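Scroll down for the structure; my scribbles are underneath it.
Just so it is clear, the structure is predicted and the values come from calculations on it, not from any experiment. First the proteins, then the strands, lettered A, B, ... as listed; each starts at 1.
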Protein chains: 2
Amino acid sequence: MLKVGRLADYGILILHHLGRVRPARLSMDTLAELTHVPLPTVRKLMRLLAEADLVVSKRGPLGGYELARSPQQISLADAITAIEGRPALTACASDRGHCELAGHCELAGRWPGVNALILQVLERTSLQDLGAGGSLHVPPPLLREPLCPEPPGRK
Amino acid sequence: MLKVGRLADYGILILHHLGRVRPARLSMDTLAELTHVPLPTVRKLMRLLAEADLVVSKRGPLGGYELARSPQQISLADAITAIEGRPALTACASDRGHCELAGHCELAGRWPGVNALILQVLERTSLQDLGAGGSLHVPPPLLREPLCPEPPGRK
DNA sequence: CTAATCGATACCGAGTTGGTATTCAATACA
DNA sequence: TGTATTGAATACCAACTCGGTATCGATTAG
């Protein structure tokens with residue numbers, strides 16, 4: 001199904017909320033309430049997001065989390081990578097993890113290319129893009145034309 | 001990790017091999033040998049691929065499978081959909097499957113857009129593209145410019 | 001000093017996924 | 001018409017990943 005895990009989904013939602021209140025801070029408790037994600041799960045998520053430097057934590061009363069940078073500067077790829085590792089369609093395109101077919105598989109060398117394409121979509125979509133209205137950076141014509149028109153005057 | 005299941009991976013490899021020998025046929029036995037995928041697993045895969053009309057089967061001696069259309073006309077999206085259902089990043093972007101956050105989640109309406117983008121990459125990449133050399137339809141400049149440059153003389 | 005809040009570790013149950021076994025149906029060819 | 005070859009269909013299973021939980025320790029505002 002090519003899906004992103006529920007944790008990553010939740011994580012992105014949390015980042016979205018942090019973006020909305022920026023530069024204010026939100027406690028895990030509040031985040032759990034806002035997102036309806038169970039608190040222990042929020043805990044696990046925040047650790048990952050903090051490790052990846054997407055959020056900054058403050059302890060003690062009045063503590064909580066705030067976004068480390070602006071929502072424009074955080075991509076979906078950032079978020080997903082923080083929570084479930086670098087997106088990799090197949091084992092051959094992944095850093096960790098081995099494909100037992102390696103050696104026989106004629107496609108092994110080709111997957112990274114496709115993977116990079118997908119990754120780009122995720123990198124070019126920011127939290128901001130996701131949260132606001134608009135066409136996700138990508139003009140509707142993309143739907144009918146080749147992925148990118150041949151750049152004029154090249155080669 | 002945003003990965004495609006191993007079955008889908010195998011399935012695409014199988015389709016690739018069928019493409020190479022087209023319009024000849026290959027038996028499951030041969031396919032298992034060629035791809036190093038265990039025969040029972042090949043069986044399961046071929047049923048799915050046949051149901052999706054990506055391959056055509058012939059029974060009896062000299063039987064086997066052949067590609068239903070040319071490798072250019074089969075996209076990665078076709079293959080993945082046949083094997084693990086329509087790709088959907090999140091539950092909100094999926095047909096089947098419900099997100100228990102539906103109703104509270106401010107992002108629910110936005111995911112389908114991102115999903116469509118990813119889907120397009122998969123739809124625009126054919127078996128042929130994957131198997132052959134070349135730049136996957138997508139010129140390198142895509143790596144540095146906005147996903148698609150604003151079409152000149154528009155709006 | 002104390003309450004509020006984050007940090008870290010270990011653990012668990014369930015569902016998905018990849019893989020297997022078995023039996024039946026069709027067909028080329030002798 | 002019989003037999004060997006090949007696909008079709010069903011049911012089943014084991015292992016791993018994933019989402020979720022519990023518990024305790026560390027920091028800091030007031």
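Atom pair A:Glu51:CD and C:dC6:C1' shows a separation of 13 Å (rounding to whole Å applied). Remark: P of D:dT10 and CE of B:Met46 are 18 Å apart, rounded to the nearest angstrom. Regarding A:Leu7, its CG atom lies at a distance of 13 Å from the C1' atom of D:dT21, rounded to whole Å. Atom NZ in B:Lys44 sits roughly 8 Å away from atom C1' in C:dT17 (whole-Å rounding). One can place CD1 of B:Ile83 at 13 Å from P of C:dT17, the figure rounded to the nearest angstrom. We find that CG of B:Leu26 is positioned 14 Å from C1' of D:dG7, with the value rounded to whole Å. Going from atom CG of A:Leu39 over to atom P of D:dT21 covers 10 Å, rounded to whole Å. To the nearest angstrom, P of D:dC12 lies 18 Å from CZ of B:Arg43.
A:Arg25 CZ: more than 12 foreign heavy atoms inside a 6.0 Å radius. Under a cut-off of 6.0 angstrom, the local environment of CZ in B:Arg20 is sparse, with at most 12 non-hydrogen atoms contributed by other residues, nucleotides or ligands.
Side-chain contact between A:Thr125 and A:Ser75 is absent, with no heavy-atom pair separated by less than 4.5 Å. When side chains are defined from C-beta on, B:Gln120 does not count as touching A:Val121, because their heavy atoms never get closer than 4.5 Å.
Between C:dG19 and B:Arg6, a contact under 4.0 Å exists linking OP1 or OP2 to a side-chain N or O.
The residue A:Pro40 sits close to a base: some heavy atom pair falls under 4.0 Å.
Sorted by first and then second residue, the salt bridge (charged side-chain N to carboxylate O under 4.0 Å, His left out) pairs with a member in residues 51-61 of chain A read A:Arg47-A:Glu51; sequence neighbours excluded. For residues 114-123 of chain B, there are no salt bridge (charged side-chain N to carboxylate O under 4.0 Å, His left out) pairs, not counting sequence neighbours. For residues 29-44 of chain B, no residue pair satisfies the salt bridge (charged side-chain N to carboxylate O under 4.0 Å, His left out) rule, not counting sequence neighbours.
Across all their heavy atoms, A:Ile83 and A:Gly11 have their closest contact at CD1-CA, 3.7 Å.
For B:Tyr65, the side-chain atoms get nearest to D:dA8 when compared with the rest of D:dA8, C:dC6, C:dG18.
Taking a 4.0 Å limit (strictly below) on heavy-atom distances, residues 9-23 of chain B reaches DNA chain C at B:Tyr10. Within residues 27-35 of chain B, the residues approached by DNA chain D to less than 4.0 Å at the level of any non-hydrogen atom are B:Ser27, B:Met28, in residue-number order.
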Can you check each nucleotide of nucleotides 25-30 of chain D against protein heavy atoms at under 4.0 Å and return B for base, S for sugar-phosphate only, - for none, in 5' to 3' order? BBBBBS
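When each of A:Leu67, A:Asp78, A:Leu130 is paired with A:Leu15, the side chain to side chain contact (heavy atoms under 4.5 Å, CB included) condition holds for A:Leu67 and for no other.
In this structure, B:Thr41 contributes its side chain and B:Val37 its backbone to no donor-acceptor pair below 3.5 Å.
At a cut-off of 3.5 Å, with distance as the only test, a side-chain donor of B:Ser70 or B:Gln72 sits close to an acceptor on the other residue.
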